[in-house]
K.L.:
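Right, I'll just put the structure down here and ask away after.
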Amino acid sequence: AIDWSRELATCKPDYYRWEQWLFTRLFEKGVIYKKMATVNWDPVDATVLANEQVIDGRGWRSGALVEKRDIPMYFFRITQYADELLSGLDKLPGWPERVKTMQANWIGKSVGVRLAFKIPPIPLHALQGTLSKGGESLLWVFTTRADTLMGVTFVAVAAEHPLATRAARDNPALAAFIAECKQGSVAEADMATMEKKGMDTGLKVAHPLTGEAIPVWVGNYVLMSYGEGAVMAVPAHDFRDFAFAEKYHLPKKEVFLDSEILRQAQILEDKSQGVFRVERGIEIGFLNAFNEAMAVYGDDLINVGFYFLEANRQNIESCKGSCINSGKYDGLSHEAAIDAIAADLAALNLGEKKTQFRLRDWGISRQRYWGCPIPIIHCDSCGDVPVPAEQLPVVLPEDVVPDGAGNPLNRRADFVNCNCPKCGAPARRETDTMDTFVESSWYYARYACPDFDGGMLDARANKWLPVDQYIGGIEHAILHLLYARFFHKLMRDEGLVTSDEPFVNLLTQGMVIADTFYRETPDGKKTWFNPADVELRDGVATCKSDGQPVIVGGTEKMSKSKNNGVDPQALIDLYGADTARLFTMFAAPPEQSLEWSDAGVEGAHRFLKRVWSFAYENHASFILLHDYRRKNPGKVFDWADARDEAKALGREIHLNLKQAQLDYSKKQFNTVVAACMKILNSLYRIPAPVPQGEFPDIGTFPREALKAEGFGILLRVLAPIAPHIAETLWNELGYSPALVEAGWPQVNESLLVQDEIELMLQVNGKLRGQIRVAATATREAIEAAALASEAAQKYLEGKPPKKVVVVPGRLVNIVV
RNA sequence: GCCGGGAUGGCGGAAUCGGUAGACGCAGCGGAUUCAAAAUCCGCCGCUGGUAACAGUGUGGGGGUUCGAGUCCCCCUCCCGGCACCA
């Protein structure tokens, strides 16, 4: 049921004013700060593009090559909560493991070493922004594999790195390459899949331990905004470095040997026909035998071994390897080498162990009109000043006409022009709005007190929170659910809530996916067609309205942008809500993704019609039975009165009730529906109703009582899924008390006990027959019965069995 | 590319702890009912061979562990979700 009195809309000022209020508090606290960040810039439309709007490196409307551009943005310091967001996952037993794993990997805590290569003297003004220690210019990198430091053959820096800028000053080719690096989208998926390119800066840095001159390259795959904006490269032991070194003919130095890998290689050689894949960063292909690998790689076998390890995706921690070609570190294990190298670097003041997170701070500035205005005023003398609480909310004007170029708020003088809250001088209001993820990060808390106008939340929030059961699509496993957890902790630290986590139990629905259909205009723009308007015949899709073909775009999650959403209203109109609900529940377990199709909805409807028919076919009997029971209060239904076939049907019904209970607890509703169907099938096998007038014949009492009891079970199991029909029939058939008060049906365990059971008989693991034994039979008795059986005799052919496996209650397996 | 999940008949899916693969339903085929159809009811329904009894085979592909593998281990392929500005 929905409590409409708690309805709220996040786009209304009475909601977002509190978001602005919290923003100003967090800004003053330093939890929110401003820094430069890279966005996708469409130079033709003069606007920032979302990653989704960059297709093959071009703007989706203009078709222009997208550029990376740095703009100032506000950030939530979520990294400050990284440790708590990670450890908090252990306190969420009601969350799916896969979601917790994804969040843990996303936060990505890793212990590594931050270390520095020395930069030889160059004009200091050219190195603006470079970290400096002890007066010497240093190039810092972070690595989780410090044990391979002796194998570094080059370092790669981002295109925006000060060293790259310095080197490009008198190197036009490098300047051109850096400009090229600035093209394309900022999306991680694009960065990771693009062709890795680089160029030598001509500069050299000194290896922190050996002093060896190491060339500095610019790499298009190194991000300035991530880590130190520079990475050390060990081509002998890293896929990506290997590929890069192969491409640009850079040296590789092996510094690690894994004896376990050599042992595995030996096993492969022995087997010889084993197929394994040799990965060397670049695709080399499949080799049919180890000997072939030997022929190709010869002395290079250690590399083969290493990449074989990578292909096995073994955790590096399980590496049994040790250092080679590493001077004083030779022979040290992975962990020992990291410790030793970190200690030596620390002694030189050139490095230290450091915990690093993959998680980055959350940038929330959006250059778009629609959204919650960021409550900041820019003053020439006071800087960025938060809007005082009494001036909130900063309301988004609603009479703006967007013209397609940038954020229309920029052109609203009445919005932009204001006075500095500190000094009163003329100032400019921030025109960026917030990421809408901010709104969705705390709405659940506002439901507790949607009408409170004295603050963000009142005491009712703690009465209701945390949320007992949260439901959302699996696509929110990381971003939304992590932001909401983060926001809850922010609100806790502001004293607004007392709990640590927002959602106790989480159900992540699988995606409902559907085909996409589109037409393309000559300039490459796509128009998307809804599956309901498309006819698919023999693999050819046509639009129903004009009969012209459309292109099949693949199966994807339902979305507004691809117009492939399917409205259940059509089903509700045709079959009613109960059928639509039952069918949806029956289609697949909720956590599994589902390719939408309404084939089969007839079956769900047919089942409910059968439920209805059963009720009316037996209506008179049920009324008479209830009446009989009222007149004979001492008479209770006793299974001892029932004949064997009735007992068997009763047993079926109770077994299915038990199954349904288990399935409900597992959130597997499709098999709950299946159990309901089985119960109804059992009920229909009970002999035909007694003609009116003959009842109550005491001999038919158990039969009619079984129907009434069984149907009562069915209605209660079905009620959460098809509530309307269940409630209606429950009342019509005179059950009492009301269905919602009737309680959950109890499984009659004694009915489930059987005297004799059937065991599967296997010979050598193959099913060869069945045997019937007493439920209490001993292992020896079962073994004897099995060996004496016809099937066993046939397959034993007089030979004695080698072994007999007895699994109580299940099977007997005779091994010959 | 990286992280998470998935793949079982013509289709959706079931199989609880490693123990009868295909429950339940859809579609299909055959029959009953009907003047006829719809609706309803009954039966059959993984694949191959066989009239049949039955035999072989079968859970994306390859290998392994086990008396026994859809289920556990290793490798591969494909599909779905996420990758920080779709939300």
Side-chain angles (χ1 to χ4, degrees), chain A residues 39-40 48-54 78 97-99 101-106 108 186-194 196 221 239-240 271 273-277 286 311-313 358-368 435-437 440 473-480 482-483 510-511 513 554-557 559-562 583 586-589 591-595 597 599-604 606-607 609-610 613 659 662-663 666 668 670-671 673-678 681 684 758-767 770 802-805 807 809-816:
Chain A
V39 294
N40 304 307
V48 175
L49 296 180
N51 284 332
E52 192 196 36
Q53 298 165 328
V54 182
I78 190 171
E97 277 313 312
R98 59 171 165 164
V99 174
T101 306
M102 278 191 264
Q103 291 213 349
N105 290 341
W106 182 262
V186 298
E188 190 191 295
D190 293 334
M191 299 293 288
T193 49
M194 72 185 175
K196 307 279 179 295
Y221 60 96
F239 267 111
R240 290 155 305 175
K271 293 205 170 177
Q273 73 264 56
V275 178
F276 68 96
R277 188 175 183 174
F286 290 87
N312 273 305
R313 281 175 230 257
R358 208 188 76 94
L359 182 69
R360 311 200 293 262
D361 279 339
W362 175 18
I364 54 118
S365 295
R366 297 290 180 269
Q367 300 68 44
R368 303 208 185 109
D435 180 1
T436 50
F437 267 128
S440 59
I474 186 66
E475 76 270 32
H476 295 302
I478 295 172
L479 292 181
H480 164 62
L482 190 65
Y483 291 147
M511 295 289 86
I513 54 180
T555 317
E556 287 178 60
K557 77 166 171 172
S559 69
K560 289 188 286 264
S561 57
K562 299 284 168 68
F583 170 63
F586 189 44
E591 304 207 87
Q592 187 174 315
S593 65
L594 170 74
E595 205 168 322
S597 154
V601 67
E602 280 289 348
R606 206 172 288 156
F607 166 69
K609 283 195 288 188
R610 265 160 55 85
S613 301
Q659 184 64 47
L662 177 73
D663 291 340
K666 290 197 313 193
Q668 189 174 294
N670 56 331
T671 48
V673 176
C676 289
M677 290 171 168
K678 288 183 204 175
N681 289 343
Y684 266 110
E758 191 169 70
L759 297 181
M760 295 307 113
L761 177 65
Q762 292 185 344
V763 179
N764 286 338
K766 275 188 196 286
L767 181 69
Q770 290 88 25
K802 203 187 275 178
K803 186 178 174 185
V804 180
V805 181
V807 183
R810 288 240 182 229
L811 58 75
V812 187
N813 186 16
I814 301 170
V815 187
V816 291

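These figures come from a predicted structure and were not determined experimentally. In the text below, chain A, chain B and the rest are named by the order of the sequence lines, each starting its count at 1.
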K.L.:
Produce the list of close N/O pairs, under 3.5 Å, pairing protein atoms with atoms of nucleotides 19-29 of chain B; give distances to one decimal.
P.N.:
unit_1, atom_1, unit_2, atom_2, d
B/G19, N2, A/Gln762, OE1, 3.3
B/A23, O2', A/Lys678, NZ, 2.9
B/G25, OP1, A/Asn681, ND2, 3.2
B/C26, OP1, A/Arg606, NH1, 2.5

K.L.:
For B/C17, does the O4'-C1'-N9-C4 (purine) or O4'-C1'-N1-C2 (pyrimidine) torsion place it in syn, i.e. within 90° of 0, or in anti?
P.N.:
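Syn, which is what one calls it when the glycosidic angle falls within 90° of 0.
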
K.L.:
Does A/Val805 offer a backbone N or O that forms a donor-acceptor pair with the side chain of A/Asn813 under 3.5 Å?
P.N.:
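Not a single qualifying donor-acceptor pair exists.
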
K.L.:
What is the minimum heavy-atom distance between A/Val39 and A/Val48, and which atoms define it?
P.N.:
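In this case the closest contact between A/Val39 and A/Val48 is CB-CG1, 3.8 Å.
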
K.L.:
For B/C2, take OP1 and OP2 only and decide whether either is under 4.0 Å from a side-chain N or O of A/Asn105.
P.N.:
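For B/C2, neither OP1 nor OP2 has a side-chain N or O of A/Asn105 closer than 4.0 Å.
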
K.L.:
Quick one: is B/G13 close enough that its OP1 or OP2 comes under 4.0 Å of any side-chain N or O from A/Gln592?
P.N.:
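The answer is yes; a side-chain N or O of A/Gln592 sits under 4.0 Å from OP1 or OP2.
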
K.L.:
Do any side-chain nitrogens or oxygens of A/Lys196 fall under 4.0 Å of OP1 or OP2 in B/G1?
P.N.:
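So the side-chain polar atoms of A/Lys196 never come under 4.0 Å of the phosphate oxygens OP1 or OP2 of B/G1.
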
K.L.:
When you compare B/A39 with B/A32, how far apart are their C1' atoms, in angstrom units rounded to a whole number?
P.N.:
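Nearest-Å result for B/A39 against B/A32 at atom C1': 14 Å.
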
K.L.:
Whom does B/C78 pair with, Watson-Crick or G-U wobble, provided both distances fall under 3.5 Å?
P.N.:
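Across any shown strand, B/C78 pairs with B/G6.
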
K.L.:
Tell whether A/Glu188 reaches the base of B/C2 with its side chain through a donor-acceptor pair below 3.5 angstrom.
P.N.:
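Donor-acceptor pair under 3.5 Å: no.
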
K.L.:
Reckon A/Leu359 touches a base, only the sugar-phosphate, or nothing at all at heavy-atom distances under 4.0 Å?
P.N.:
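Base: the residue A/Leu359, judged by heavy atoms under 4.0 Å, touches a nucleobase.
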
K.L.:
Would one find a side-chain N or O of A/Lys557 under 4.0 angstrom from OP1 or OP2 of B/G82?
P.N.:
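A/Lys557 to B/G82 OP1/OP2: side-chain N or O found under 4.0 Å.
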
K.L.:
Does A/Arg98 have more than 12 heavy atoms from other residues, nucleotides or ligands lying within 6.0 Å of its CZ?
P.N.:
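Atom CZ in A/Arg98 is packed in, count exceeds 12.
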
K.L.:
With distance as the sole test, does A/Arg358 use its side chain to make a donor-acceptor pair with the main-chain N or O of A/Trp106 at under 3.5 Å?
P.N.:
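Pair found, side chain donor or acceptor close to backbone of A/Trp106.
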
K.L.:
Pick one for B/G25: is it syn, with its angle within 90° of 0, or anti?
P.N.:
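The base of B/G25 is oriented anti (glycosidic angle more than 90° from 0).
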
K.L.:
Taking only N and O in the side chain of A/Arg366, is any of them less than 4.0 Å away from OP1 or OP2 of B/C85?
P.N.:
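The answer is yes; a side-chain N or O of A/Arg366 sits under 4.0 Å from OP1 or OP2.
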
K.L.:
Measuring to OP1 and OP2 of B/A87, would you say a side-chain N or O of A/Lys562 lies under 4.0 angstrom away?
P.N.:
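Result: no.
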
K.L.:
Over all strands shown, is A/Ser561 touching base, sugar-phosphate only, or nothing at heavy-atom distances under 4.0 angstrom?
P.N.:
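No contact at all - A/Ser561 keeps every heavy atom at 4.0 Å or more from the nucleic acid.
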
